Amino acid sequence: MTSVQSGSFWQHSQSYLDDEILIKKLLLSHDPDRRRLNSEMLLSAVENIVFHATASEELVSDKPVNANFKSNISNIELIESPEPLMHTIYKIAHEMLCKNPGEEDLHTRTMASLDLLGSHRWGAKAALALAAFAISYGEFSLLIQLRPHIPLAVSIANFKQIPSNMSMLKPQVKALRSLSKTMVDLTKCIIEFEALPLVHVGPDMEDLAVMKPKIYVTAYWIIRSTLVCSSQIKSLMAMKPEYSNITIAAWELLSLDNRLSSIYGHLRPQVDAFHRQTEAKMHQKLLSLFKKSHIDNQNVLQMLFALKDDLPLKDCSTQGKLGVSALKSKVVLLLISKPDLLPFEQLFFLVNQTYDHPHNDKIEGSYAIIWVPISFYEAWTDAEQKLFDFISNSMPCYLVRQPWSLNSAVVNFMKQEWNYGGEAIMVVLDSEGMITNLNALDMVFIWGSKAYPFSLSRENELWDGEQWKMQLITNEIHPILTQWVEEGRNICIYGSENLDWIREFNAKMKDIKDAGMQHEMIYVGKNNPGEHTKEILSIMNREIHSNLLSFTKIQLFWLRLESMRRSKSRLGNNASTDNVVAQISALLDNNNDNGWAVYGKGLSTDIVRVEGDEIFRCLNLFRQWGKNVGRLEFIDALRTVLEPPLVDGPCNHTQVVPYSEGLVQGNMVCQNCKLLMKKLTIYE
């Protein structure tokens, strides 16, 4: 690690508080146990108070206050602590406010506060002290803000003997505001430094030995400053403003602010340097980790999620906290997305294809989905957190409990190495932690749990067994549709947003059905269905027939087709070399207002796609080809019109077809003469 240079503040400070004696005393008071506080969230709550207090201290402005901070104090965790978070904060507040500042010198009082906070890490000490100070600071600012508008605030302010004329206090209050902001900024430095996964990257021990004492002393000065600020707020009650006293108080605050600002000016770049170096090492370690073989997935999952928290996951079905050990021996699907996850219809389909899929019972417990939300911004916004909280309470899978606490190196690794750019992806780790698929989301949309173990090789294997047939097009969209396919029914899937075309097409298909040719009609609109499709569905339900597929199901139909094309494309297939891709693309890219139709029967690969005016030409000639339905069946009879014979009369064309179930009872039409072929059986 490149040496992190010491700043002049640390080299030239003459105060005895910066020498080795202070550091030794600080370390004697420092006895951290297993309790863990989410210091970042607590500091965010403090920053929120400081923000609003600052807005109110325009003495007094009527401007509206706007803020966009997340933290709700009730959501902040203090893990493995014998006392609640607020109990700890109130103890520190008591130390600040209930002791007479004149009874003990400031250093002694600061060390007493550090003794109270001995079980916490340095960042938590500073954050807790700031939280205790923020309570009194916020209450004082709130009274000042409300006094001109609310009689109750006037009564309380009078009871507390807060001076009615605050204009003389401007220098003191302004200095208090500035020092509060500086303390928050410095505390961020400490928290950020302690959050670095230094133990996992092997930092330069000399640099670390230089840096740690600076963190100790910085925490000391933050806590000492909170005591001074709290004492001054207390002194503002029942005081008679005198310019000399106000000037002395303001000077004391400004002096502290200058000292802390100097510390910040040197500490901030050093923390940033540690952050850059650590992140670069973390990236290399993650790269190396995914190249090695492991006996299980624990090391990999630990590095991704459990650097700060031993229970980083949440089981949404039970609301329980989980460690990565719960995923041992499982295939893990990392669903990485923005905090809004997926559009509703995609989320619904994802659940339907995994947890609600019939095949899931056979492999239940063999895999787990973990939702990993990543903020669209540099830092999580309040709106994103609220959205995450809402979605997380209704998801059936596991998720990262506090995704805003994910290590930045891990987030950047996902963006750079896994190509996450905002669109949801599903990275698959096998039971040994190796990456087997960089995006299995389309695979899941197409085959659901049948795609287990969701590897790239399994994706290839599944496509090798697929052909362009009605089962592939409609699979899992609707249980009745699946049943029709399995029963071998004739099915017509059609699409258009031209209502006149839809009416005429349905009328002609009804004539065919009345003539005895049974078939099922399924309307699917067109790719990217919108409000117009909803209107057409409503009209169809009134005038023509009740369509099997709802608007949401129609969206899923097109989602699966898009997933198929993307999946095929990732595997190197395109429309010019692969019939399935060609047929899918013809449907997805169809912008013909005159509509299209796909005819198929059950599990058969004999499937016909007709577009535009060609459809009506064929249907108008039904009397000509309809007589062949009895012996050729519907699709083959339709082909006699769509694909005229290449020769007149019978030919001698021979075609060898591998055996498949149901072929014995089926018929085949010659591609040349369009006549029924004679069936012979060959034994090998």
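Sequential numbering from 1 along the given sequence is applied to the chain's residues. From a predicted model like this one, the values you see are computed outputs, not experimental measurements.
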- Item | salt bridge (charged side-chain N to carboxylate O under 4.0 Å, His left out) partners for E378, two or more places apart | none

- Query: Does E384 pair with K338 as a salt bridge, N-O distance under 4.0 Å?
  - Reply: no

- Message: I want to check something: taking the side chain as every heavy atom from C-beta on, are E252 and I248 in contact at a cut-off of under 4.5 Å?
- Response: no

- Query: Distance-only, no hydrogens or angles: does the R109 side chain make a donor-acceptor pair with backbone N or O of M96 under 3.5 Å?
  - Reply: yes

- Message: Checking the side chain of S262 only, and the main-chain atoms of N258 only, is there a donor and an acceptor separated by less than 3.5 Å?
- Response: no

- Task: Determine, stepwise, if the pair R276 / D272 fulfils side-chain contact (heavy atoms from CB on, under 4.5 Å).
- Result: CA-CA 6 Å; R276 288 191 300 270; D272 289 343; 3.8 Å; yes

- Query: Counting distance only, does the side-chain N/O of Q346 pair as donor-acceptor with the main-chain N or O of P343 below 3.5 Å?
  - Reply: no

- Query: Would you say the side-chain atoms of K314 pair up with the backbone N or O of L399, donor to acceptor, closer than 3.5 Å?
  - Reply: no

- Task: Kindly write out the residues that satisfy side chain to side chain contact (heavy atoms under 4.5 Å, CB included) with S550, not counting sequence neighbours, or none if the list is empty.
- Result: T552, K553

- Message: Let me confirm one number: the CG-CG distance from L334 to L304, rounded to the nearest 0.5 Å.
- Response: 7.0 Å

- Task: Find the distance between CD1 (I190) and CG (L267) and round it off to the nearest 0.5 Å.
- Result: 7.0 Å

- Message: Going by the rule ring-ring contact (aromatic ring centres under 6.0 Å, His included), which residues pair with F305 if we only count those two or more places apart in sequence or in a different chain?
- Response: none

- Query: Measuring from L114:CG to I223:CD1, what's the distance to the nearest 0.5 Å?
  - Reply: 4.0 Å

- Item | Any L556 side-chain heavy atom under 4.5 Å of L559 side chain | yes

- residues 186-195 vs side-chain hydrogen bond (donor to acceptor under 3.5 Å, both in side chains), sequence neighbours excluded, gives E47-K188, E192-R268

- Specify the closest pair of heavy atoms between I336 and I374, including all atoms of both residues, with the distance to one decimal. CG2-CD1, 3.6 Å

- Between the side chain of K308 and the main-chain N/O of S405, is any donor-acceptor distance below 3.5 Å? yes

- Message: I'd like to know if the side chain of S136 and the backbone of F133 have a donor-acceptor N/O pair within less than 3.5 Å.
- Response: yes

- Message: Is the shortest side-chain heavy-atom distance between T110 and W221 below 4.5 Å?
- Response: no

- Item | Exercise: identify the closest heavy-atom pair between P403 and P373 | CB-O, 3.4 Å

- Message: side-chain contact (heavy atoms from CB on, under 4.5 Å) for F376 and D340? Distances and angles first, verdict last.
- Response: CA-CA 10 Å; F376 185 75; D340 58 359; over 6 Å; no

- Quick one: do D382 and K386 make a salt bridge, cutoff under 4.0 Å? yes

- Item | Interatomic spacing from CH2 in W404 to OG in S375 - rounded to 0.5 Å | 11.0 Å

- Task: Dump the intermediate steps for side-chain contact (heavy atoms from CB on, under 4.5 Å) on I370 and C397, then the final yes or no.
- Result: CA-CA 6 Å; I370 303 178; C397 64; over 6 Å; no

- Would a 4.5 Å heavy-atom cut-off, applied to side chains only, mark T226 and L130 as touching? yes

- If every non-hydrogen atom of S225 is compared with every non-hydrogen atom of L256, which pair is closest and at what distance? OG-CD2, 3.7 Å

- Evaluate the criterion side-chain contact (heavy atoms from CB on, under 4.5 Å) for residue pair V427 and I425; output intermediate values, then yes/no. CA-CA 6 Å; V427 178; I425 62 173; 3.9 Å; yes

- Task: List for me each residue that meets side-chain hydrogen bond (donor to acceptor under 3.5 Å, both in side chains) alongside N412, sequence neighbours excluded, and say none if there are none.
- Result: E279

- Item | Test ring-ring contact (aromatic ring centres under 6.0 Å, His included) applied to Y216 - qualifying residues, sequence neighbours left out | W122

- Query: Under 3.5 Å, is there a donor-acceptor pair between the side chain of S255 and the main chain of W251?
  - Reply: no

- Any side-chain heavy-atom pair from L307 and Q302 closer than 4.5 angstrom? no

- Query: Quick one: salt bridge (charged side-chain N to carboxylate O under 4.0 Å, His left out) pairs with a partner in residues 390-414, sequence neighbours left out?
  - Reply: E77-R401, D309-R401

- Neighbour count above 12 (heavy atom, 6.0 Å) for E423 CD: no

- Are any non-hydrogen side-chain atoms of L311 and L322 less than 4.5 angstrom apart? no

- Task: Please answer whether the main-chain N or O of D389 pairs with a side-chain N or O of S392 as donor and acceptor at a distance below 3.5 Å.
- Result: yes

- Message: To the nearest 0.5 Å, what is the distance between CZ on F140 and CD1 on I233?
- Response: 7.0 Å

- Task: Using the side chain to side chain donor-acceptor pair (under 3.5 Å) rule, take E95 and S113 through it: C-alpha gap first, then chi angles, then the decisive distance, then the call.
- Result: CA-CA 7 Å; E95 181 71 25; S113 297; 4.6 Å; no

- Task: Can you see which heavy atom on H266 is nearest to which on Q270, and at what distance?
- Result: O-NE2, 3.0 Å

- Hey, does the side chain of T278 reach the backbone of H275 with a donor-acceptor pair shorter than 3.5 angstrom? no

- Taking side chain as C-beta onward, heavy atoms only, is L42 less than 4.5 Å from L128? yes

- Task: Check D105 against H107 and note the closest heavy-atom contact, atom names and distance.
- Result: OD1-N, 3.0 Å

- Can you sort out the partners of W418 under ring-ring contact (aromatic ring centres under 6.0 Å, His included), two or more places apart, ordered by chain and number? F290, F413

- Hits for side-chain hydrogen bond (donor to acceptor under 3.5 Å, both in side chains) against T182, two or more places apart or cross-chain, chain-then-number order -> D257

- Note on the structure: Sorted by chain and number, sequence neighbours left out, side-chain hydrogen bond (donor to acceptor under 3.5 Å, both in side chains) with D310 holds for none

- Message: Quick check for you: to the nearest 0.5 Å, what is the distance between C316 atom SG and W371 atom CH2?
- Response: 8.0 Å

- Item | Under the side-chain hydrogen bond (donor to acceptor under 3.5 Å, both in side chains) test, residues paired with S538 that sit two or more places apart | R542

- Just by modelled atom types, is the A249 backbone N or O under 3.5 Å from a matching donor or acceptor in the Q232 side chain? yes

- If you look at every heavy atom in N407 and A195, which pair is closest and at what distance? ND2-O, 4.3 Å

- Is the shortest heavy-atom distance from the side chain of Y398 to the side chain of I369 under 4.5 Å? no

- Message: Going by the rule salt bridge (charged side-chain N to carboxylate O under 4.0 Å, His left out), which residues pair with K212 if we only count those two or more places apart in sequence or in a different chain?
- Response: none

- Does NZ or CZ of K534 fall inside the cone over F551's six-membered ring, less than 6.0 Å from its centre and within 45° of the axis? yes

